[in-house]
K.L.:
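Shown below is the structure under consideration.
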Amino acid sequence: MTNKYMYFIANWKMYGNLSSVNTLNKVIEFSKSKEINKGRLIYCPPYTLIGSFLKKFKNCQIDIGAQNCHESESYGPYTGFVNSYMLKNIGANYVIIGHSENRDKDENNKLINLKIKSALKAKLKVIFCIGETLAEKRKKKTQSILSKQIKVGLDKVKNKSNIFIAYEPIWAIGTGIVPKSKDLLKTIKFIKSKFKDKSPKVLYGGSVNPQNIKNLKKINNIDGFLIGGASQNAKKFIDIVKKTYS
Ligand code: PEP
């Protein structure tokens, strides 16, 4: 059983409609129970549901984040985008930046760095996603890829207290495959070693579910989990948290 303060971040991706909000009742009830121990729950729904989620979570401790933001620090002619100030203004406290599904759509490390800096200025906490592809892993390039993502992504970011790094190997996202425990322990240690002073919290993401959490929770340098598919099902999400603390 762990007594560590852990973060459980639900990434709903491009799923959900207004009626999905009702599925949150169980999670709200759970968030008020002792079972959650020292955990923190954060939901990142699509932009269209942020307002409804905020209303729903008004009287509980569950926090809200967005899944991305534009890098501009002011309003502008950017059709279809939302910047970090707009997110903070409606009540979001977190934003996911650098998710591989966005990196895949031409978001490079430099753009991610601009987004991170604008989000921090807007006083959002940043869930900064990094991770290697399967081909990179096979070529034993994991550490060099992560180093570059961290170096460029956090360039000129002096205060890292509002940064959370989510290590998400791309080959583990939505595939049902998770890294071997010893590899994950080593990679999280490597990520933390990149920071001279205090390392940001490092979370793991990629196919976390109520079955594999029993092993994942034993990896003692992980500070929490970024959960995609399983987080859309309240029971599974609650189970993951419960099993982390049982
Ligand atoms: C994610 O997309 O951030 C993620 C971790 O997805 P999944 O849990 O579905 O692998």
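Counting convention: from 1, in listed order, for ligands and their atoms alike. Positions are given from 1 along the sequence.
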K.L.:
For a side chain to side chain donor-acceptor pair (under 3.5 Å) check, start with the C-alpha distance between D155 and N113, then their side-chain angles and the critical distance, and finish with the verdict.
P.N.:
CA-CA 7 Å; D155 186 37; N113 174 249; 5.3 Å; no
K.L.:
Partners of F57 by ring-ring contact (aromatic ring centres under 6.0 Å, His included), sequence neighbours excluded?
P.N.:
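Partners of F57 by the ring-ring contact (aromatic ring centres under 6.0 Å, His included) criterion, ordered by chain and then number, come out as Y43, F53.
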K.L.:
If you draw a 6.0 Å radius around NZ in K88, do more than 12 non-hydrogen atoms from other residues or ligands fall strictly inside?
P.N.:
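More than 12 within 6.0 Å, yes.
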K.L.:
Can you pull every nitrogen or oxygen pair between ligand 1 and the protein closer than 3.5 angstrom?
P.N.:
residue  : atom   : partner : partner atom : Å
ligand 1 : 2 (O)  : K13     : NZ           : 2.5
ligand 1 : 2 (O)  : H99     : NE2          : 2.8
ligand 1 : 3 (O)  : N11     : ND2          : 3.4
ligand 1 : 3 (O)  : H99     : NE2          : 2.9
ligand 1 : 3 (O)  : E168    : OE1          : 3.1
ligand 1 : 3 (O)  : E168    : OE2          : 2.8
ligand 1 : 6 (O)  : K13     : NZ           : 3.4
ligand 1 : 8 (O)  : S207    : N            : 3.4
ligand 1 : 8 (O)  : G228    : N            : 2.9
ligand 1 : 9 (O)  : G229    : N            : 2.8
ligand 1 : 10 (O) : G174    : N            : 2.7
ligand 1 : 10 (O) : S207    : N            : 2.7

K.L.:
What ring-ring contact (aromatic ring centres under 6.0 Å, His included) pairs are there with at least one residue in residues 151-183, not counting sequence neighbours?
P.N.:
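Sorted result for residues 151-183: Y7-F164, Y94-F164.
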K.L.:
Which residue pairs pass the ring-ring contact (aromatic ring centres under 6.0 Å, His included) test with at least one member in residues 64-91, sequence neighbours excluded?
P.N.:
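Sorted pair list: H70-Y78, H70-F81.
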K.L.:
Is a side-chain N or O of N215 found less than 3.5 angstrom from the main chain of N212, in a donor-acceptor match?
P.N.:
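Such a contact is absent between N215 side chain and N212 backbone.
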